Number of protein chains: 2
Amino acid sequence: MVKKKETITIYDVAREAGVSMATVSRVVNGNPNVKPATRKKVLDVIRELGYRPNAVARGLASKKTTTVGVVIPDISNPFYAELARGIEDIATMYHYNIILSNSDLRKEKELQCIETLLEKQVDGLLFLGGEITDAHREIFHAANVPIVLAATRDEKRELASVTIDQIQAAKEATSVLIHEGHQKIAYIGGPLTDSVNGYPRYLGYKEALTEHGIPFDEKLVRLGNYRYRSGYEAMQELLTAEEPVTAVFAASDEMAAGGIHAAQDLGRRIPEDLSIIGFENIPLAAQVRPLLSTVGVPMYDIGAVAMRLLTKYMNDEHVETGQVTLQYSIELRDSTRLKEWEETK
Amino acid sequence: MVKKKETITIYDVAREAGVSMATVSRVVNGNPNVKPATRKKVLDVIRELGYRPNAVARGLASKKTTTVGVVIPDISNPFYAELARGIEDIATMYHYNIILSNSDLRKEKELQCIETLLEKQVDGLLFLGGEITDAHREIFHAANVPIVLAATRDEKRELASVTIDQIQAAKEATSVLIHEGHQKIAYIGGPLTDSVNGYPRYLGYKEALTEHGIPFDEKLVRLGNYRYRSGYEAMQELLTAEEPVTAVFAASDEMAAGGIHAAQDLGRRIPEDLSIIGFENIPLAAQVRPLLSTVGVPMYDIGAVAMRLLTKYMNDEHVETGQVTLQYSIELRDSTRLKEWEETK
DNA sequence: CTGTTAGCGCATTCAT
DNA sequence: ATGAATGCGCTAACAG
């Protein structure tokens with residue numbers, strides 16, 4: 001399998017083409033200061049010899065690897081996978097490659113990934129989804145490369161980031177339910193200890209209630225782990241408890257889908273008996289019946305914009321603001337009754 | 001953002017610790033030939049100075065990058081995302097990093113990705129999902145690194161690969177429907193020009209029919225692109241055509257889910273009026289109602305085993321067989337009526 | 001426009 | 001157990 005072929009270098013090309021290695025280097029790098037005839041000759045020899053530039057050597061000499069590191073919670077999660085796709089597309093566009101590391105949102109592993117990525121001399125770093133602690137800030141500040149956060153932000157506002165306003169989004173989702181006339185609105189969310197997604201969405205829910213004079217009722221809150229199963233179970237609990245519920249805001253589409261099915265299994269019709277709205281707008285939202293109304297989070301764009309922002313930093317281009325907040329949308333489909341929505345954004 | 005800190009090298013550590021750089025190198029690489037006292041001193045200085053080994057320099061000197069390239073069709077596709085997760089987990093376990101490139105199954109882009117990855121001096125290459133042409137074989141053979149295919153195989157059997165027997169799997173899925181007593185079994189698949197997934201699954205469907213003496217009817221075949229939407233449309237056509245249909249084998253879960261909903265929208269009950277079986281067993285299969293019966297493809301394992309196999313090649317370990325065929329399973333749930341299945345595998 | 005000369009930061013002989 | 005020397009393959013001044 002492994003054939004030890006003698007690696008052919010820039011030097012071989014130079015000798016064969018009767019020029020210096022500097023000239024070959026210029027040709028390879030598209031430096032215009034080469035006579036067309038010379039260029040052609042070098043190019044011919046390159047093809048003939050099957051020369052392939054060694055990016056590692058180039059990286060060592062130039063101190064640029066055209067590689068960026070991406071620390072991602074879990075690539076098998078549709079939400080982050082879509083984000084990763086946005087990142088990769090833009091990276092490719094700017095001729096960067098991506099080193100991917102799954103962190104599983106575990107702080108220990110996150111820091112470990114970052115450390116390894118920095119050893120590999122990435123030109124920049126994209127950090128997705130996790131909470132930013134002082135340990136993160138420390139290593140980020142010590143790093144010699146630009147960092148951009150995506151789908152998370154630095155509470156201390158020291159780091160560049162691309163996100164949406166989660167509190168506002170959650171508030172608006174809840175408001176949809178309120179405007180439908182519901183008073184008994186339950187919340188199915190993630191852990192409140194999750195300061196990136198869990199807590200802000202919970203906060204938005206509460207704020208919406210408060211703003212509309214609806215009393216907050218702790219008994220209408222169920223916490224899961226964003227996955228389908230936990231949404232199913234939460235809904236089951238909610239509907240079998242004595243407290244009546246006529247609408248539910250679920251902090252993730254998977255939970256919402258689980259909720260829909262649990263409700264249906266209990267004989268509830270959606271949206272006639274119960275309105276449900278989700279969060280994220282992953283493909284699943286359009287693959288359940290009824291079609292799930294949800295908060296549209298521009299996952300692909302968050303990734304794309306974050307990567308684009310990173311390229312600017314890597315090129316020392318001017319950046320007006322490192323804290324980018326993208327717009328979310330309210331996708332009204334069939335799991336709610338309201339068909340139009342125009343809210344203050 | 002970008003701070004130009006003077007990079008501290010192995011040489012700085014050596015000077016500060018009063019040893020030679022060779023010794024520092026030994027310490028960093030865990031070479032046992034270092035006196036404990038010396039080792040401790042060096043380690044202390046390393047911590048003190050915040051020295052971080054430069055993997056690029058190391059790669060140039062050692063000709064190993066501890067990085068493997070992964071060419072993947074589309075990371076935002078749940079099927080491949082799960083595969084990628086399997087790869088990354090095993091890679092991490094063996095201290096490799098992953099450079100990910102999306103190919104979108106476009107041959108041009110695939111070859112481009114491979115070329116770039118080889119320039120980056122990856123220690124190995126994982127190629128996912130695409131068809132292997134002579135152009136691929138050529139570049140693979142010219143590469144100096146081991147290659148393993150995952151979720152695809154080389155028809156000429158020259159390359160190592162990890163897959164399942166798709167024809168057999170499709171045949172078995174179809175057989176489930178036949179054993180339920182169906183005669184009018186439709187097929188919703190991908191393009192027949194897709195020799196990796198599209199054609200084999202189609203073939204398995206046909207073979208099952210033939211084997212059971214059921215005439216193949218071209219009018220019961222609809223081709224889509226594996227996605228939900230195309231499954232929905234295909235089913236709609238199937239059920240509104242004059243040809244009666246009582247069961248459907250869909251070559252992907254997304255199409256199957258789309259099919260379920262199309263059927264339901266047309267008033268069909270599943271599985272009472274119509275049985276449906278899918279392929280892949282992505283999470284969605286357990287997130288639709290009725291729960292989708294399907295062929296369980298061990299995506300994570302395919303990735304994990306492929307990566308493990310690659311590590312063996314990279315270490316020049318002995319490998320019995322490079323052509324690994326993993327077992328699939330038949331997941332009987334609620335979109336079919338049969339509740340038990342024991343077939344020749 | 002082209003060649004010469006230095007490193008980039010480290011692993012790795014080869015000595016000692 | 002440790003140090004000195006060499007070079008991995010290439011870019012980047014600096015000459016000319």
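Every value quoted in this text rests on a predicted model; they were computed, and no experiment measured them. We name chains A, B, ... by the order of the sequence lines, and we start the count at 1 in each one.
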statement: Assert: residue with more 5' nearest nucleotide on DNA chain D, out of B:A57 and B:P32, is B:P32

- request: Please map the stems of DNA chain C, keeping only stretches of three or more Watson-Crick or G-U wobble pairs with both distances under 3.5 angstrom.
  value: C:1-16 with D:1-16

task: Return the value, rounded to whole Å, for the distance between atom NZ of A:K63 and atom C1' of C:dC10.
output: 12 Å

Check: A:R157 main-chain N/O paired with A:Q323 side-chain donor or acceptor under 3.5 Å: yes

- request: Quick one: label A:V19 by what it contacts on the DNA or RNA (base, sugar-phosphate, nothing), any heavy atom closer than 4.0 Å.
  value: sugar-phosphate

query: Between B:E119 and A:N54, do the side chains contain an N or O donor and an N or O acceptor separated by less than 3.5 Å?
result: no

- prompt: Got a donor-acceptor contact below 3.5 angstrom from the A:N97 side chain to the A:T67 backbone?
  reply: no

- prompt: Does OP1 or OP2 of C:dG9 have a side-chain N or O of B:T7 closer than 4.0 Å?
  reply: yes

query: Okay, side chain of B:T65, backbone of B:G59: is any donor-acceptor separation there less than 3.5 Å?
result: no

query: Within a strict 4.5 Å, meaning less than it, do heavy atoms of the A:D104 and A:P73 side chains meet?
result: no

message: Does C:dC10 have OP1 or OP2 under 4.0 Å away from a side-chain N or O of B:Y51?
response: yes

- prompt: Can you check whether A:L125 reaches A:P146 side chain to side chain, under 4.5 Å on heavy atoms?
  reply: no

- prompt: According to a strict under-4.0 Å criterion, is B:S62 in side-chain N/O contact with OP1 or OP2 of C:dA11?
  reply: no

- prompt: Nearest-Å distance, CD1 (B:I8) to P (C:dG9)?
  reply: 11 Å

- prompt: Please give, in whole Å, the distance from C:dG9 C1' to A:R58 CZ?
  reply: 18 Å

message: Could you tell me if the side chain of A:T311 sits less than 4.5 Å from the side chain of A:Y96, heavy atoms only?
response: yes

query: Could you state the CG-P distance from B:N31 to C:dT13, rounded to the nearest angstrom?
result: 11 Å

task: Show the numbers, then the answer: is there a salt bridge (charged side-chain N to carboxylate O under 4.0 Å, His left out) between B:K63 and B:D123?
output: CA-CA 9 Å; B:K63 294 175 170 295; B:D123 294 338; over 6 Å; no

- prompt: Between A:I10 (CD1) and C:dG3 (C1'), how many Å, whole number?
  reply: 13 Å

- prompt: Do the side chains of A:F79 and A:D74 get nearer than 4.5 Å, heavy atoms only?
  reply: no

task: Return no unless some side-chain N or O of B:S25 is found under 4.0 Å from OP1 or OP2 of C:dA11.
output: yes

- prompt: Taking the side chain from A:T23 and the backbone from A:V19, do they hold a donor-acceptor pair closer than 3.5 Å?
  reply: no

- prompt: Under 4.0 Å between a side-chain N or O of B:N54 and OP1 or OP2 of C:dC8?
  reply: no

- prompt: Which part of the nucleic acid, if any, lies within contact of B:T23, taking any heavy atom under 4.0 Å across all strands shown: a base, the sugar-phosphate backbone alone, or nothing?
  reply: sugar-phosphate

- line: Its 5'-most and 3'-most nucleotides having an atom under 4.0 Å from a non-hydrogen atom of chain B, DNA chain D is contacted over D:dA1 to D:dG9

task: Let me see the working for B:D89 and B:Y300 under side-chain hydrogen bond (donor to acceptor under 3.5 Å, both in side chains), right down to the final yes or no.
output: CA-CA 10 Å; B:D89 281 355; B:Y300 182 92; 2.6 Å; yes

query: Closest nucleotide of DNA chain D for B:G18 versus for B:A61: which of these residues is on the 5' side?
result: B:G18

statement: Comparing nearest nucleotides in DNA chain C, the 5'-proximal residue of the pair B:A55, B:R26 is B:A55

Nucleic acid contacts - residues 33-43 of chain B versus DNA chain C, non-hydrogen atoms under 4.0 Å: none

- request: Flag yes if more than 12 heavy atoms outside A:E317 fall under 6.0 Å of its CD atom; otherwise flag no.
  value: yes

field: Side-chain donor/acceptor of B:R52 to base of C:dG9, under 3.5 Å
entry: no

